[in-house]
Amino acid sequence: WTLTPSGQVIHKELLKKKDDSYNPPPGTFIIPLPEPKEGAIVMGPFGKLSGIHQWRLFRVDGRGKTVAELKGIWSCRSAVLTADNQGILAVGNNVGIKRMYGRLWRLDLDGKILSNKTYERRTLESFNGIALADDQGGFIIAEESPKAINKFGPGESTVWLLRCDREGEVLTETSFPGRHPRIRALGGQQFAVLYDAGTSLSTDSRVRVVDLQLK
């Protein structure tokens with residue numbers, strides 16, 4: 001939907017009909033394109049292939065009409081415009097046999113994948129959030145790393161924050177107990193991390209604010 005500031009619908013456009021055979025996880029999001037470009041990149045789990053959520057990227061114009069579509073079976077959790085507004089950084093995970101890796105993708109403003117980087121640092125890791133850290137292209141990744149997967153789902157989990165340079169190399173990191181982290185830049189070299197500090201049977205949502213050194 002295209003809305004006025006008061007919420008009145010100006011225009012609506014159908015991107016993709018929902019597949020009623022499954023319920024996709026939350027995570028569909030929109031990245032408005034910088035001026036003078038119009039429209040946005042829309043990313044979300046708009047399908048399923050061989051039991052795997054199939055993520056798709058749509059480039060839409062100012063009225064929401066699709067002008068380009070890129071299909072993929074990778075799982076994206078968060079994305080931001082690059083510091084120079086010329087591309088997109090997206091993070092998620094790649095599932096292997098008894099392994100789960102964090103992944104970083106670089107895309108152009110049409111949604112085309114330019115490169116990707118895999119982080120095989122722990123047995124189970126999922127990149128849940130990303131925020132720009134500086135004007136030079138550095139960024140901070142919020143990662144979830146469960147200790148084990150059992151029939152009840154993920155066990156005790158740890159939140160990791162990774163500060164990276166523009167090439168994706170880790171400069172420093174920190175960790176604390178928690179799961180499902182999301183991160184946003186607040187300005188003034190401060191960053192807010194929303195995460196769940198509860199157990200597998202309860203939820204305890206908290207916000208932690210860190211500086212550029214992740215303190």
Side-chain angles (χ1 to χ4, degrees), residues 25-27 29 31 43 45 52-53 55 74-83 88-107 115-150 152-215:
F29 51 93
I31 304 173
M43 311 170 74
I52 300 175
H53 295 300
W55 280 73
W74 45 276
S75 176
C76 176
R77 301 294 182 87
S78 180
V80 292
L81 284 171
T82 55
I88 296 171
L89 295 174
V91 292
N93 58 54
N94 182 42
V95 180
I97 300 177
K98 297 182 180 180
R99 298 292 300 271
M100 185 166 64
Y101 309 120
R103 295 193 73 177
L104 169 73
W105 292 271
R106 295 180 183 272
L107 306 94
S115 65
N116 68 82
K117 181 180 178 64
T118 300
Y119 294 73
E120 301 182 20
R121 299 158 56 82
R122 286 166 275 277
T123 302
L124 298 170
E125 55 186 336
S126 176
F127 287 176
N128 283 27
I130 184 171
L132 292 182
D134 53 54
D135 294 335
Q136 288 72 50
F139 51 88
I140 297 176
I141 293 173
E143 171 196 330
E144 177 181 13
S145 179
K147 287 188 177 180
I149 300 291
N150 54 48
F152 300 107
E156 184 180 347
S157 189
T158 301
V159 171
W160 287 84
L161 300 179
L162 313 178
R163 182 188 168 199
C164 304
D165 62 18
R166 63 176 300 162
E167 303 303 325
E169 298 301 321
V170 178
L171 301 176
T172 186
E173 62 184 68
T174 190
S175 66
F176 50 87
R179 57 189 177 182
H180 311 318
R182 295 284 182 170
I183 186 168
R184 293 291 185 272
L186 299 178
Q189 296 187 337
Q190 292 188 334
F191 306 86
V193 183
L194 172 67
Y195 67 102
D196 178 9
T199 66
S200 59
L201 300 178
S202 66
T203 299
D204 181 10
S205 298
R206 299 188 184 184
V207 174
R208 178 180 296 220
V209 178
V210 301
D211 62 17
L212 193 57
Q213 304 305 319
L214 307 183
K215 302 296 185 182

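- For the pair I31 and A79, the tightest heavy-atom approach, listed with the atom from each and the gap, is CD1-CB, 3.4 Å.
- Using a 4.5 Å cut-off on side-chain heavy atoms (C-beta onward), R182 and V193 make no contact.
- Atom CD of E120 sits about 9.5 Å away from atom CZ of R103, to the nearest 0.5 Å.
- Between the side chain of R184 and the backbone N or O of A131, no donor-acceptor pair lies under 3.5 Å.
- With hydrogens and angles ignored, the 3.5 Å screen pairs no side-chain donor or acceptor of Y195 with any backbone N or O of E144.
- Residues R99 and T123 meet the side-chain proximity criterion, which asks for heavy atoms closer than 4.5 Å.
- Nearest approach of I141 to C164, heavy atoms of both residues: CD1-SG, 4.3 Å.
- Residues F139 and R166 share a closest heavy-atom pair of CE2-O, 4.2 Å.
- Side-chain contact between N116 and L104 is absent, with no heavy atoms from C-beta onward closer than 4.5 Å.
- Taking CZ of R206 as the start and CG of L194 as the end, the distance is 12.0 Å to the nearest 0.5 Å.
- When all heavy atoms are compared, the tightest approach of T158 to S175 is CG2-CB, 3.7 Å.
- Counting all heavy atoms, side chain and backbone alike, L81 lies closest to I88 at CD2-CG1, 4.2 Å.
- E169 and K117 are joined by a salt bridge, as a carboxylate oxygen and a charged side-chain nitrogen come within less than 4.0 angstrom of each other.
- The shortest side-chain heavy-atom distance between D211 and Q189 does not fall under the 4.5 Å cut-off.
- The CZ atom of R208 sits 8.0 Å away from the CG atom of L161 when rounded to the nearest 0.5 Å.
- Minimum heavy-atom separation, E125 to N93: O-CB, 4.1 Å.
- Using a distance-only test at 3.5 Å, with no hydrogens or angles considered, a donor-acceptor pair links the side chain of S145 to the main chain of L124.
- Note that CG of L162 and CD1 of I183 are 9.5 Å apart. Values are rounded to the nearest 0.5 Å.
- Looking at heavy atoms from C-beta onward, Y119 lies out of side-chain contact with E143 at the 4.5 angstrom threshold.
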Fill in: Test log, rule side chain to side chain contact (heavy atoms under 4.5 Å, CB included), inputs L89 and R106
CA-CA 5 Å; L89 295 174; R106 295 180 183 272; 3.2 Å; yes

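- Other residues, nucleotides and ligands place more than 12 heavy atoms under 6.0 Å from the CG atom of D204.
- Atoms CZ and CZ, on R163 and F191 in that order, are 8.0 Å from each other to the nearest 0.5 Å.
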